[in-house]
Amino acid sequence: MSDPPQPLGPFGGFDLTQMLRFLQSDGPVHWEIARQVARWVALEGDSEPAVPAADRARLSEVAAAAEQRVLAETGESPPSRSLALLGRAEWADQALVTLKPVLEKLAVSLQGELPDLSAEDLEGMPNPFAGLFGTGATGAPGEPGANPLAGMAGMFGALGPLLLGVQCGFMVGQLAQGLLSEHDLLLPIADPPRPTLIVPNLEAFHAAWSIPADDLRFYLALGEGVRSRLAGRAWVRERLVRLASEYVSSFRVDTAALEAQLGSIDLSDPSSFEEAMLDPDAMLGAMQSPEQLAVLERFQLTTAVLESYADFVVERLAEPMLTSLPTIREAMRRHRVERSEADRFIQRLLGLDPSRRLHDQAAAFCRGVAERAGAPALDRLLKAESMLPTPAELEAPGLWLARIELFGGET
């Protein structure tokens, strides 16, 4: 008789007893599972890519020069924390901590929608123990071939933190694979900014493009310097966290899809457990509710405008310094378009993936303001939440300029 298949991936090495012990959690998310899944996904089941010490040292030198450029042009002091150079798994560990408040709100929202499954509810569900015990696919309690799930109805309440831990870990691990820096996306983080470059991703990005290494390092360090200053404003962080929290608190679970996915698990084949859990769309089982749409519009407009403002400033600072800027610009455009798998998943969870149409509108808004009133006028965006453009003003920069009285209220 051949040996049974062994668990793979982040669940490798666990027997059934250990797996059931993992169901225990003190909160809505099983954070240890989230950490293990995040690291496994971030590294694609491998070890952390090695970056030579000389390359790290050179990156630090170039990043220091970029910081001086930002400081000289903006006059703004850098964040209190100096630039960190992290690997993918290190960044994933950090992100699970900083994103925890919003992710827990998501978990509470999803758990509130989970079905309260009774033994009667479970009688007709597929039997994942059939291959282990030779029992039938379904059956009433106490009868031959009975589905053991009918006697384990209470366990399904404990499954929630485990499943949500896998979801959170998958999301953060996927982000760690593709982000170039901490503020590559403006994530809803309440803590003061931690300027960070994710070194293996930067090096992989450089290898994929014919860009001088120091030019790319300088550009990305400029971007992190500008964006971390954006995130250094309390109102920016508070708005992102508030809108993200409102958004994730309004999810509605597709319980039929969730039950079908749980019923596909066969405990005689541990790989089926992992495959079911690592399918984010199937396991999330959540759809956007009508209540989310208004919040989503405000959230996406905010991130699109702030990210486009940052891009505008970085371009202005980089243009006289980098002859390779056109190539870098195209490489960054492709980077943002092609990181679609992570972005779609984040959009489902946190609403953080504005359409490229909205980003294009926001970029045109920034150019329009600069053409009409000069680049310094754009800095008024950062004064307060009330200075963000409305959807109508995004399409007509003159309306925004009139409202903030640069043109004396003219339309």
Side-chain angles (χ1 to χ4, degrees), residues 38-39 41-44 46-70 78-79 81-95 98 171-187 189 193-231 307 310-311 313-315 317-319 321-343 346 352:
R39 293 178 70 91
V41 173
L43 301 177
E44 299 180 281
D46 207 343
S47 57
E48 187 79 68
V51 177
D55 288 348
R56 281 182 171 266
R58 182 58 179 168
L59 176 55
S60 296
E61 293 176 11
V62 173
E67 172 56 38
Q68 289 303 310
R69 173 72 172 156
V70 176
R81 293 168 172 163
S82 58
L83 181 72
L85 306 178
L86 299 184
R88 292 170 182 162
E90 293 174 302
W91 184 87
D93 287 344
Q94 175 178 292
T98 57
M171 180 196 74
V172 170
Q174 188 73 19
L175 278 175
Q177 281 190 32
L179 292 185
L180 299 173
S181 68
E182 171 76 5
H183 299 96
D184 200 353
L185 289 174
L186 287 178
L187 298 168
I189 294 172
R194 304 181 178 193
T196 301
L197 294 177
I198 305 175
V199 182
N201 293 350
L202 188 157
E203 296 300 313
F205 190 72
H206 168 249
W209 290 87
S210 299
I211 301 171
D214 282 352
D215 284 11
L216 180 60
R217 292 164 179 163
F218 187 81
Y219 182 90
L220 294 176
L222 278 180
E224 188 63 1
V226 170
R227 288 174 177 238
S228 63
R229 283 169 167 81
L230 275 181
E307 289 181 356
D311 289 343
V313 174
V314 171
E315 287 270 321
L317 298 183
E319 191 165 17
M321 309 285 291
L322 302 177
T323 57
S324 59
L325 184 58
T327 304
I328 294 175
R329 187 183 297 122
E330 174 60 18
M332 291 302 297
R333 186 194 69 78
R334 294 276 297 275
H335 164 66
R336 287 165 179 167
V337 169
E338 294 174 359
R339 63 186 189 194
S340 58
E341 182 178 356
D343 283 355
I346 296 168
L352 279 178

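The backbone N or O of Leu317 lies less than 3.5 Å from a partner atom in the side chain of Arg69, making a donor-acceptor pair. The backbone N or O of Gly225 lies less than 3.5 Å from a partner atom in the side chain of Arg229, making a donor-acceptor pair. Checking side-chain atoms of Glu182 against main-chain N and O of Pro195 turns up no donor-acceptor pair under 3.5 Å. Under a 3.5 Å cut-off, the side chain of Asp215 and the backbone N or O of Leu325 do not form any donor-acceptor pair. Side-chain atoms of Glu224 do not come within 3.5 Å of backbone N or O of Leu197 as any donor-acceptor pair.
Checked for salt-bridge contact, Glu319 and Arg329 miss the test: no charged N lies under 4.0 Å from a carboxylate O. Between Arg217 and Glu203, at least one side-chain N (NZ, or NE/NH1/NH2) sits under 4.0 Å from a carboxylate O, which counts as a salt bridge. A salt bridge does not link Arg58 to Asp55: none of the charged nitrogens lies less than 4.0 Å from a carboxylate oxygen.
Looking at every heavy atom in both residues, Phe205 comes nearest to Leu180 through CB-CD2, 4.0 Å. Minimum interatomic distance between Glu307 and Leu186 (heavy atoms only, all atoms of both residues): OE2-N, 3.2 Å. Taking each heavy atom of Ala42 and Ala176 in turn, the nearest pair found is CB-CB, 3.7 Å. Here the closest heavy-atom approach between residue Ile211 and residue Ala331 is recorded as CD1-CB, 4.0 Å. When all heavy atoms of Pro200 and Glu48 are compared, the pair lying nearest together is CG-OE2, 3.8 Å. Minimum interatomic distance between Asp184 and Gly178 (heavy atoms only, all atoms of both residues): OD2-O, 4.4 Å.
Interatomic distance, Gln177 CD to Trp91 CH2, rounded to the nearest 0.5 Å: 11.5 Å. Interatomic distance, Glu67 CD to Ser82 OG, rounded to the nearest 0.5 Å: 10.0 Å. Between Arg334 atom CZ and Trp209 atom CH2 the span is 4.5 Å, to the nearest 0.5 Å. In this structure, the separation between CG on Leu179 and CG on Leu187 is 6.5 Å, given to the nearest 0.5 Å. The CG atom of Leu59 sits 9.5 Å away from the CG atom of Leu216 when rounded to the nearest 0.5 Å. Note: Arg88 CZ to Asn201 CG = 4.5 Å, rounded to the nearest 0.5 Å.
A heavy-atom distance below 4.5 Å is found between the side chains of Arg336 and Asp311. Between Gln94 and Leu86, the closest side-chain pair of non-hydrogen atoms falls below 4.5 Å. Taking 4.5 Å as the limit, every side-chain heavy atom of Val51 sits out of range of all side-chain heavy atoms of Leu85. Contact check for Ser181 versus Leu220: no side-chain heavy atoms found under the 4.5 Å cut-off.
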Would you check, one step at a time, whether the test side chain to side chain contact (heavy atoms under 4.5 Å, CB included) holds for His335 with Met332?
CA-CA 5 Å; His335 164 66; Met332 291 302 297; 4.1 Å; yes
